[in-house]
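When a ligand or atom number is given, it counts from 1 through the structure's own listing order. If you read the sequence from its start, that first residue is 1, and numbering goes on from there.
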Amino acid sequence: MAKIILTGDRPTGRLHLGHYVGSLRRRVELQDSGAFDRIFIMIADAQALTDNADNPEKVRQNVIEVALDYLSAGLDPERSTLFVQSQVPELCELAFYYMNLVTVQRLQRNPTVKAEIQLRGFSESAAEGDTTQRAGIPVGFFTYPISQASDITAFKATTVPAGEDQEPMIEQTREIVHKFNAIYGPTLVEPEILLPDNAACMRLPGTDGKAKMSKSLGNCIYLSDTADEVKKKVMGMYTDPDHLRVEDPGKVEGNTVFTYLDAFCRPEHFEKYLPDYASLDELKAHYRRGGLGDVKVKRLLIAVLNETLDPIRARRKEFEARIGDVYRILEEGSARAREAAGATLDEVRRAMRINYFSDKELIETQAKAYAQKQ
Ligand code: TRP
């Protein structure tokens with residue numbers, strides 16, 4: 001069976017280091033490995049609109065930002081199809097059919113949807129005119145896991161590189177595939193999620209030590225930040241609040257600077273930037289013992305982050321000078337995505353027996369039956 005990747009991001013802001021270690025870096029590695037037959041990377045603008053119906057301009061402006069982040073991170077449009085969700089209408093038709101295979105109750109149990117209902121302030125009980133809560137849950141938002149199942153199955157994706165918040169979506173997709181194939185015959189492919197392989201990458205905290213990087217919390221380091229911005233943000237980063245003097249023993253667990261080092265640091269970085277230590281483990285041991293100041297560790301992190309981001313910044317600069325070309329890349333990618341999704345949709349229609357006009361047997365049988373009646 002062909003090995004196919006489908007994944008993507010909502011265009012609601014520029015991508016940050018959490019996106020990078022959570023999925024983007026992995027996508028580029030998988031692309032460069034050549035181990036996959038096809039790779040589809042989707043800018044999920046239609047999904048972004050499910051909870052931004054009142055702010056279409058935000059979504060519209062961020063499509064190019066995410067595209068620039070993709071290209072500068074190293075996704076190559078020759079090897080990976082970059083496309084825009086709303087430009088592939090076949091996805092909507094698939095979702096419409098899948099809706100018959102999922103219950104309201106099952107959607108209500110989706111933990112990511114549940115958390116987002118809280119987070120977005122969608123409330124079932126909000127009074128008219130209450131500006132702190134948004135009255136009711138939009139149907140489109142509530143059903144987006146079904147639309148996500150279309151995104152994945154339309155391309156017969158076997159592999160979805162994503163963060164753990166996407167696990168319930170993949171699980172729901174697998175259920176839909178299972179049900180579809182059981183009713184209509186084997187047609188769709190069950191995908192698997194590919195999670196980051198270390199805990200720091202799974203959930204990179206914000207610079208303030210809070211659980212997640214989030215634009216609204218203002219605790220992000222963006223892929224497009226300058227070297228100076230990165231330096232400032234790292235210098236202001238949350239560490240161990242009890243590590244007051246250099247001599248004091250410090251905690252590494254829950255210390256954001258060390259979590260970032262876990263996500264970004266490689267052994268060769270020590271030789272280059274901090275040759276007194278052979279490895280991150282040695283650095284951690286010294287910090288725990290006491291006698292190692294935060295600033296020294298932060299300087300290492302700044303060097304490591306900027307080494308990672310420099311080539312990304314350089315590529316971004318090039319693509320920023322060719323915005324027209326970037327839109328053309330997305331347009332061509334979307335055309336290719338339509339072709340692939342259209343082929344799956346044909347199979348789905350055939351399996352569901354709603355392919356009336358190409359079903360010679362149906363037409364002939366009915367013609368014969370009616371001829372006999374005459
Ligand atoms: N839900 C993803 C996000 O919030 C975006 C997305 C839409 C996606 N469709 C997808 C991710 C399919 C993986 C596979 O960023």
For Asp225, which of Lys232, Lys233, Arg316, Arg313 qualifies under salt bridge (charged side-chain N to carboxylate O under 4.0 Å, His left out)?
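That would be Lys233; it is the only one of Lys232, Lys233, Arg316, Arg313 passing the salt bridge (charged side-chain N to carboxylate O under 4.0 Å, His left out) with Asp225.
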
Hey, which atoms in ligand 1 end up nearer than 4.0 Å to a heavy atom of [X]?
X      : value
Leu6   : 12 (C), 14 (C)
Asp151 : 7 (C), 9 (N), 10 (C)
Ala44  : 7 (C)
Gln166 : 1 (N), 2 (C), 3 (C), 4 (O)

Kindly assign one of parallel, tilted or perpendicular to the pair Phe155 and Phe83, based on the angle between their ring planes and the thresholds 30° and 60°.
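The arrangement is tilted - the two ring planes meet at 30° to 60°.
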
Which class fits the ring pair Tyr20 and Phe264: parallel under 30°, tilted 30 to 60°, perpendicular over 60°?
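Plane angle under 30°, so parallel.
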
I'd like the name of whichever of Thr173, Thr7, Asp9, Val66 reaches closest to atom 13 (C) of ligand 1 through any heavy atom.
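Among Thr173, Thr7, Asp9, Val66, the closest heavy atom to atom 13 (C) of ligand 1 comes from Thr7.
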
Kindly compute the distance separating [atom1] ([X]) from [atom2] ([Y]), expressed to the nearest 0.5 Å.
X      : Y      : atom1 : atom2 : answer
Ile117 : Asp51  : CD1   : CG    : 11.0 Å
Asp151 : Ile146 : CG    : CD1   : 12.0 Å
Leu68  : Arg322 : CG    : CZ    : 10.5 Å

How does [X] reach ligand 1, if at all, at less than 4.0 Å between non-hydrogen atoms: by side chain, backbone, both, or neither?
X      : result
Ala162 : neither
Val160 : side chain
Gln47  : side chain
Met42  : side chain

Glu361 CD: over 12 foreign heavy atoms closer than 6.0 Å:
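Atom CD in Glu361 is not packed in, count stays at 12 or less.
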
Nearest protein heavy atom to atom 4 (O) of ligand 1, by residue and atom, and its distance?
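Result for atom 4 (O) of ligand 1: Arg10 NE, 3.1 Å.
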
Measure the distance from atom 8 (C) of ligand 1 to every protein heavy atom, then report the residue, atom name and distance (to 0.1 Å) of the closest one.
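Sorting protein heavy atoms by distance from atom 8 (C) of ligand 1 puts Gln148 NE2, 3.3 Å first.
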
Hphob cluster co-occupancy, Ile193 + Val28, side-chain heavy atoms under 4.5 angstrom:
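No.
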
